[in-house]
Visitor: 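There's a structure below that I have some questions on.
The shown structure was predicted, so the numbers you read here are calculated from the model rather than taken from an experiment. Scope of the values below: all heavy atoms of this structure, side chains included, with no hydrogens, waters or symmetry mates. Quick note: residue numbers are just sequence positions, from 1.
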Amino acid sequence: MVPAGRNGYPGVAFGGYVAGVLAGRAAAKTVRVDFRRPTPTGTPLGLAQTPDGGSELTNGVLVLAVATPAEAAAEAPGAPSWDEALAAAEAYRAAPPDEVSDCFGCGLGRTPDTGLRLHCGRVPGREIVATAWTPGAGLLAADGTLPPELVWAALDCPGNAAGRLLGSQRAGAVTASLTARLLGPVPAAGGLISYAWLLGESGRKHRVGTALATAGGEVLAVGEALWVDPRS
């Protein structure tokens, strides 16, 4: 069951978190998660490994999401500085998009203990979006690191910002797939930088790369996502 607070759109589980839970049951280091149907929050679900080394999430009848071993995710450009990412986040909060919801990843009303607060704005002089953030103690593992499922979550919303601010992505787009590789434990002390860039667009489809780094610029996770606009 996905807790009600781990939502993206109302009543729908946050895609990056769902992907991280599935990846945790997969045998591969690099995993692609394809979202077949929206995953509801607060509802009993089934999670099982699959013969190919992946995993799948079901509601007891229908398959909601599938994780499979994958090739390496997109190569990340150098991370912006902490000051650049912080300025980008402040610019986002000063003029947020109209479609912002109470999202676990980027909701403006979330606290550091109830959401990731991934408020990504454009970084001047570079074709990337970024945010500087520090997770609250309520989101951390006992050793002070960010749990793997939340590392995956930190690679989700930045892709939406990249498609919207750097490309032609429209409001209401959803994550169709997310591929990621975690490179090591993610210590939360000192803050984190999430950033994303546009890889390509075709009609309603938008490919983006995403990464998570320490405040000093060490990249600890890299992802690639496909976002799809709603039908007109």
Visitor: Return the minimal non-hydrogen interatomic distance between Ala130 and Pro80, and the atom names on each side.
Guide: CB-CG, 3.7 Å
Visitor: May I ask whether Leu183 and Leu155 are part of the same hydrophobic cluster, defined by side-chain heavy atoms of I, L, V, M, F, W, Y residues being less than 4.5 angstrom apart, directly or through others?
Guide: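 Different hydrophobic clusters.
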Visitor: Enter the distance from Arg6:CZ to Thr114:OG1 here, rounded to the nearest 0.5 Å.
Guide: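 If we round to the nearest 0.5 Å, Arg6:CZ and Thr114:OG1 are 9.5 Å apart.
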Visitor: Could you pull out all residues at least two apart from Asn59 that satisfy side-chain hydrogen bond (donor to acceptor under 3.5 Å, both in side chains)?
Guide: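 Applying side-chain hydrogen bond (donor to acceptor under 3.5 Å, both in side chains) to Asn59 gives none.
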Visitor: For the atom pair CG (Leu116) and CZ (Phe14), what is the distance rounded to the nearest 0.5 Å?
Guide: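 Output value for this atom pair is 6.0 Å.
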Visitor: Considering only NZ, NE, NH1 and NH2 on the basic side and carboxylate oxygens on the acidic side, decide whether Asp34 and Arg36 come within less than 4.0 Å.
Guide: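 No salt bridge links Asp34 with Arg36.
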Visitor: Mind listing the closest non-hydrogen atom pair of Cys120 and Ser194 along with its distance?
Guide: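 So the minimum-distance heavy-atom pair works out to SG-O, 4.2 Å.
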Visitor: When rounded to the nearest 0.5 angstrom, what is the spacing between OH in Tyr195 and CZ in Arg126?
Guide: 7.5 Å
Visitor: Answer yes or no: is there a donor N or O on one side and an acceptor on the other, between the side chain of Asn7 and the main chain of Asp102, under 3.5 Å?
Guide: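 Side chain of Asn7 to backbone of Asp102, a donor-acceptor pair under 3.5 Å: yes, one is there.
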Visitor: For the pair Thr58 (side chain) and Leu62 (backbone), establish whether a donor and an acceptor sit closer than 3.5 Å, ignoring hydrogens and angles.
Guide: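 Not confirmed, Thr58 side chain does not pair with Leu62 backbone.
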Visitor: Are the side chain of Arg207 and the backbone N or O of Glu224 linked by a donor-acceptor pair below 3.5 Å?
Guide: no
Visitor: Please list all pairs meeting ring pair (Phe, Tyr, Trp, His ring centres under 6.0 Å) that have one or both residues in residues 106-141, counting only residues at least two apart or in different chains.
Guide: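 The answer is Tyr92-His119.
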Visitor: Go through the side-chain N and O atoms of Ser55 and Arg25 and say whether any donor and acceptor fall under 3.5 Å apart.
Guide: no
Visitor: Which pair of non-hydrogen atoms, one from Ala19 and one from Phe35, has the smallest distance, and what is that distance?
Guide: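 Between these two residues, the closest heavy atoms are CB-CZ, 3.9 Å.
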Visitor: Could you state whether Tyr9 and Tyr17 fall into the same hydrophobic cluster, counting links through intermediate Ile, Leu, Val, Met, Phe, Trp or Tyr residues with side-chain heavy atoms under 4.5 angstrom apart?
Guide: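 Per the 4.5 Å side-chain linkage, Tyr9 and Tyr17 are not co-clustered.
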Visitor: Answer yes if Val12 and Val18 sit in the same cluster of Ile, Leu, Val, Met, Phe, Trp and Tyr residues linked by side chain heavy atoms under 4.5 Å apart, and no otherwise.
Guide: no
Visitor: Would you say Asp113's side chain and Ala137's backbone share a donor-acceptor pair under 3.5 angstrom?
Guide: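 Between the backbone of Ala137 and the side chain of Asp113 there is a qualifying donor-acceptor contact (under 3.5 Å).
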Visitor: Just verifying a value: how many Å separate Asp83 CG and Ile193 CD1, rounded to the nearest 0.5 Å?
Guide: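 These two atoms lie 9.0 Å from each other.
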Visitor: Any side-chain donor paired with an acceptor under 3.5 Å for Thr145 and Asp143?
Guide: yes
Visitor: Given the rule that I, L, V, M, F, W and Y join up when any side-chain heavy atoms are under 4.5 Å apart, are Val219 and Leu192 in one cluster?
Guide: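 Hydrophobic grouping puts Val219 apart from Leu192.
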Visitor: Under a 4.5 Å cut-off applied to non-hydrogen side-chain atoms, are Leu212 and Val151 in contact?
Guide: yes
Visitor: Could you tell me the separation between the CG atom of Leu118 and the OG1 atom of Thr210, rounded to the nearest 0.5 Å?
Guide: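 The OG1 atom of Thr210 is 10.5 Å from CG of Leu118, to the nearest 0.5 Å.
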Visitor: Does any part of the side chain of Leu140, heavy atoms only, come nearer than 4.5 Å to the side chain of Pro135, both counted from C-beta?
Guide: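 Of all side-chain heavy-atom pairs linking Leu140 with Pro135, at least one is under 4.5 Å.
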Visitor: Within the 4.5 Å heavy-atom criterion, are Phe104 and Leu150 side-chain neighbours or not?
Guide: yes
Visitor: Work out which heavy atom in Ala213 is nearest to a heavy atom in Ala79; give both atom names and the distance.
Guide: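 Shortest heavy-atom contact: CB-CB, 4.0 Å.
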Visitor: What is the minimum heavy-atom distance between Val2 and Pro40, and which atoms define it?
Guide: CB-O, 4.4 Å
Visitor: Apply the test side-chain contact (heavy atoms from CB on, under 4.5 Å) to residues Val123 and Glu84: give CA-CA distance (whole Å), side-chain angles for both, the deciding distance (0.1 Å), then the verdict.
Guide: CA-CA 6 Å; Val123 175; Glu84 288 175 322; 4.3 Å; yes
Visitor: To the nearest 0.5 Å, how far apart are CG in Leu165 and CD in Glu127?
Guide: 10.5 Å
Visitor: How about Leu45 and Leu64: do any of their side-chain heavy atoms sit closer than 4.5 Å?
Guide: yes
Visitor: Whether the side chain of Arg122 engages the backbone of Ile128 through a donor-acceptor N/O pair (distance < 3.5 Å, no angle test) should be reported.
Guide: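 Judged by distance alone, no pair lies under 3.5 Å.
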Visitor: Does a donor on one side chain sit under 3.5 Å from an acceptor on the other, for Asp156 and Thr175?
Guide: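 Thr175 and Asp156 do have a side-chain donor-acceptor pair below 3.5 Å.
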Visitor: Less than 4.5 Å apart, any side-chain heavy atom of Cys157 and any of Cys103?
Guide: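 A side-chain contact exists here, since the closest heavy-atom pair is under 4.5 Å.
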Visitor: Do you know the tightest heavy-atom contact between Thr50 and Ala67?
Guide: OG1-O, 4.4 Å
Visitor: With clusters defined by side-chain heavy atoms of hydrophobic residues (ILVMFWY) lying less than 4.5 Å apart, directly or transitively, does Val31 cluster with Leu226?
Guide: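 Leu226 and Val31: separate clusters.
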Visitor: Would Ser177 and Arg32 count as a side-chain contact (heavy atoms from CB on, under 4.5 Å) if you check the C-alpha gap in whole Å, the side-chain angles of each, and the deciding distance to 0.1 Å?
Guide: CA-CA 7 Å; Ser177 68; Arg32 169 176 170 145; 3.7 Å; yes
Visitor: Only distances under 3.5 Å count here; give the side-chain donor-acceptor pairs of residues 197-205 to other protein atoms, sequence neighbours excluded, each with its distance to 0.1 Å.
Guide:
residue, atom, partner, partner atom, Å
Glu201, OE2, Ser168, N, 2.7
Glu201, OE2, Ser168, OG, 3.1
Glu201, OE2, His206, ND1, 2.7
Arg204, NE, Asp229, O, 3.0
Arg204, NH2, Asp229, O, 2.8

Visitor: For residues Leu47 and Leu22, determine if any side-chain heavy atom of one lies less than 4.5 Å from a side-chain heavy atom of the other.
Guide: yes
